[in-house]
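Here the structure comes first, spelled out in structure tokens, and everything after it is commentary.
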Amino acid sequence: MDYQFKTIEKKWQQFWASNQTFKVNNTSDKPKYYVLDMFPYPSGAGLHVGHPLGYIASDVFSRYKRLRGFNVLHPMGYDSFGLPAEQYAIQTGQHPAITTETNIRRYREQLDNIGFSFDWSREIRTSDPLYYKWTQWIFMQLFNSFYNIASDKAESIDRLIDIFENEGSKGVKAVGDEDALEFTADEWNRFSEQQKESELLKYRLAYLRESAVNWCPALGTVLANDEVKDGVSERGGYPVIQKKMMQWSMRITAYAERLLQGLDTIDWPEPLVEMQRNWIGKSVGASVKFALANQPSESIEVFTTRVDTIYGVSFLVLAPEHELVSFITTNEQRAAVDSYIEQTKKKSERDRMADTKTVTGVFTGGYALHPLTGKQVPIWIADYVLAGYGTGAVMAVPSGDQRDYLFAKQFNLPIIKILDIQEIDKEADNRKEGLYINSEFINGLSYEEAVSKLIAVLEERGVGKAKINYRMRDAIFGRQRYWGEPVPVYFKDGLPKLVQASELPLLLPEVDKYLPTESGEPPLGRATDWKYQGVYEYELSTMPGWAGSSWYWYRYMDAHNEEAFASKEAVNYWQAVDLYIGGSEHATGHLLYSRFWNKFLKDIGKVNEEEPFKKLINQGMIQGRSNFVYRLLDEEGGGTNTFVSFGLKDQYKTIALHVDVNIVNNDVLSLDKFKQSRPEYAQAEFILEDDKYVCGHEVEKMSKSKFNVVNPDDIIEQYGADTLRMYEMFLGPLEQSKPWNTNGIEGVHKFLRKFWRLFHHANTDFSISNDAPTKAELKSLHKIIRKVEDDIERFSFNTSVSSFMICVNELTDLKCNKRDILQDLVIVLSPYAPHICEELWTLLGNEAGSLSYASYPAFNPAYLVEDEFEYPISFNGKMRTKVKLSLSLEGKEIEEAVLTNEDVQRYLDGSTPKKVIVVKGKIVNIVI
RNA sequence: GCCUAGGUGGUGGAACUGGUAGACACGCAGGACUUAAAAUCCUGUUCGCCUUAAAGCGAGUGCGGGUUCGAUUCCCGCCCUAGGUACCA
């Protein structure tokens, strides 16, 4: 019989499902192993060929671990809250829950087609009320907790209240807002409920704070950075400005040091660890207060890592959003300052950071007093200073900082040399060498001496202190959206209160439209009769996408528990994730938030592990090839409904927008399909070239928002799941990103057919021999046993596939059909190509389904020993020859080998080599 | 801009710790089998030069330098691409 992949794959997928082959118990004699994938967002575009890359790798690993005798937890679920379903709802009116359900069904079908060994009885969905009940529950614990610096962990807010009541604010060292008050116990006890609550909010791990957002006045909504392109909204092309808004935040900064320390304890790729380290951005320095010249009771606090350069300060720069800007600005400068602030509002934070070439800024007219010299220092504002980093103000030292240097040159501000070795004619000199000059009491000191002396003096005078600053900011937790977890909070007398735990889940209410209200409130403001106890306003924002994904791996341990997010027993059994596979694009988002929530859950005694993911592998992204259309802009820079073809776009002012690759063929856009794709495009007009609309293209992340998704079902239809699985592994190193292409899939498919033919005599009947294997056959088998073992342990799946091809070619050449060889080969290949292997396994006379728990064959090095081995050496890097050596691959040291200098000399016509270079026991070069 | 990674034939990639660069595939070219097609098998395939052939010579791992007997691998400086950059997930 021929290799009928369709029949075989359907058969075994049904068998696995109906026999629940991969259902796993929370008790077992075997050691446990938890393999987790980053669960997908069920996008309307369906599962794309990029998702399975990681899933196949984790499936190969899971199946391998089962063969190695582990009780493997390998679950799957859906991160099903998110923006795209909501945008679809806005366009069509269809409830996101329906869209999501449809998408999940499609994902499940697609996943099933690939033949994964997931335990589907543990499936989870973050948008399921039975799931988000526990996301809300965790939020409540965070709201009810503060971070106690003394015990270095989160503790109940009741304990903080206790301390305040008995000892006042001095009794506790806790992580809190900058503007937290100081008070005695008596003062606290005299506070009104209102005052107490608002003070406690400054310590809660989930708290309200004002923060900046992208506001689109025309759409009346907040936009993600992704939805803003070149200062206008991607949808509609309306202007976007920065606006401040009261929002829920998470005090992740309280965990900064633990998040940093924990990185040393986990087995993650070093680049990823480095990214998190840099994101946390610990810097050791000092904070210094500069009093205002005309109002010495007010001061501007700056953070600096180079307090030693303080005598080089020639001006201060504030972020345009800094709260004191308006107060400082003089009447003469007010117009200029206001107009600069207006300009800044139009820029996104990223644009502000990216632009280092143009130097802009405005003098406020105000002065501060240098804390040591008392001299007047002018105060400027500039958009390169960000309100969210440090204190939103910097002391500018042009001689030591290039950015300050350029600023000083541009605006003719003094540049003060502070170290004797500094060379500052052309640029700033940030060296910490030499001795200080122009610096009063630190003159003549070295860097280390200066820093400690300065800090001592600043502290003594109460104008500064040593400080550790983290670049990481608290995470904004509110979203002005519909399709997310409702925040289980209502407002009484303007203060946030939690709903009762017994009232969870707080269900997402129905709304008539998924848009903001006319008064600019989030979509939940549209819900009618949605009041706590019929009276109090609920919080109208919902949780961000990362809420549900920050703890989900615990839910898989005990997916149907109604009493807890997971039972104590389940958590104790599975502990942490042993292997987590997912993309590095989550490096500073999901992977940081998850660590944060995990540490919090540990602090409150709900889980055991400080770190949730012991080992992590980044699967590289399979990138997509995106297509673009070019929207014509009007004079004000607003979007029109006319689109310019790629070749003509440079003649107009346009903005590039992603267009679905599925309505583009060879970069030519289908105009009809484009008009149907969105209501706003129905009347679209086009400027064509050669009667065609040609799209631009780019290689980038495959994602629903970029409309460049390719479906794995098409590949499976043509070649089968086993081919897809092996091909994705064959494409290249797991960690490496690569654009999707199907060149080369034929080779993998041919391999599987060849493999099948090893068992099928004359391409028809199943026929194998019970004869004893030959030496050559055993060698071939044991090479692959060892190779696959090695490759899987170091996640080098692509080289495995090549080795399989070599192995099968060798066995084909040997006309091998020996049971002993083939049976072991089936086991070794089965993690990669499970369907064909299950089929052959049963044909070999084994019980159906038993392959998944067979034993991985033992490697025997004896089969690889060779009597004679031809070893090439090169002379002077030019002449090459081959020398016959007696040595073995395994065991014997080369020093014992027959080759000696005398032997080598024979190949050099008697000339004596000057040098023989031996590396790892091999002669690699001979210098004559 | 900043952080992280990558750049090797026509293509995907291999070379694991500095030691024969191009394994294994795809594609392409030629051939076998076939009435034909599919499937399968065989040969060749980094580029250039030279040769009837066998063989040989030179260059070559993004670019420019450096270290080394020896560099895809290590160091310095560039260029390009991708991911992240805090409301995509």
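Chain A is the first sequence line, chain B the second, and so forth, proteins listed ahead of strands; every chain is numbered from 1. Owing to the predicted nature of the structure, the values given are computational and were not obtained by experimental measurement. Reckoned from all heavy atoms, side chains included, excluding hydrogens, waters and symmetry mates.
Atom CG in A:Leu53 sits about 13 Å away from atom C1' in B:rG12, given to the nearest Å. If you measure from atom CE of A:Met726 to atom C1' of B:rG13, you get 15 Å, rounded to the nearest angstrom. Note: CD (A:Gln276) to P (B:rU85) measures 13 Å, nearest angstrom. Put simply, CZ on A:Arg277 is 18 Å from C1' on B:rC2, counting in whole angstrom units. Between the CZ atom of A:Phe797 and the C1' atom of B:rA25 there is a distance of 19 Å, rounded to whole Å. One interatomic measurement links the two molecules: CG of A:Leu592 to P of B:rG83, which rounds to 21 Å at whole-angstrom precision. Taking atom CZ of A:Phe730 as the reference point, atom P of B:rC24 lies 11 Å away to the nearest angstrom. One can place CD of A:Glu735 at 16 Å from C1' of B:rA82, the figure rounded to the nearest angstrom.
Judged by closest nucleotide on RNA chain B, A:Met353 is the one of A:Met621 and A:Met353 placed further toward the 5' end.
Counting only heavy atoms from C-beta on, A:Met472 has its side chain closest to B:rA86 among B:rA15, B:rU4, B:rA86. Side-chain atoms of A:Arg479 lie closest to B:rC87 of the nucleotides B:rC87, B:rC24, B:rG12. When distances run from any side-chain atom of A:Glu349 to the nucleotides B:rG83, B:rU4, B:rA86, the shortest one goes to B:rA86. For A:Met275, taking side-chain heavy atoms from C-beta onward, the closest of the listed nucleotides B:rC24, B:rG83, B:rC88 is B:rG83. Set against B:rU4, B:rC87, B:rC88, the side chain of A:Glu274 has B:rU4 as its closest nucleotide. Checking B:rA14, B:rC88, B:rU40 against every side-chain atom of A:Asn798, the shortest atom distance belongs to B:rA14.
Note on A:Arg352 versus A:Glu349: no salt bridge recorded, every NZ/NE/NH1/NH2 to OD/OE distance being 4.0 Å or above. Between A:Lys783 and A:Glu810 there is a salt bridge, since a side-chain N of the basic residue sits under 4.0 Å from a carboxylate O of the acidic one. Taking the charged nitrogens against the carboxylate oxygens, A:Arg479 and A:Glu485 have no contact shorter than 4.0 Å, which rules out a salt bridge.
B:rC76 and B:rU67 have their P atoms separated by 15 Å, given to the nearest Å. For the C1' atoms, the distance linking B:rG60 with B:rU20 amounts to 15 Å, nearest Å.
When ring centroids are compared, A:Trp551 and A:Tyr131 come within the 6.0 Å threshold.
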Requested in this report: Taking Watson-Crick and G-U wobble pairs with both distances under 3.5 Å, convert RNA chain B into its dot-bracket string, 5' to 3', dots for unpaired and | for cross-strand pairs.
Outcome: (((((((..(((......[....)))((((((.......))))))((((......))))..(((((..]....))))))))))))....
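With A:Thr253 contributing its side chain and A:Asp474 its backbone, the two residues share no donor-acceptor pair below 3.5 Å.
Nucleic acid contact class of A:Gln87 (heavy atoms, under 4.0 Å, all strands): none. Within 4.0 Å (heavy atoms only), A:Lys754 reaches sugar-phosphate atoms of the nucleic acid but no base atom. When heavy atoms are screened at a 4.0 angstrom cut-off, A:Pro40 is found touching no nucleic acid atom at all.
Side chain A:Glu585 to base B:rC88: no donor-acceptor pair is found below 3.5 Å.
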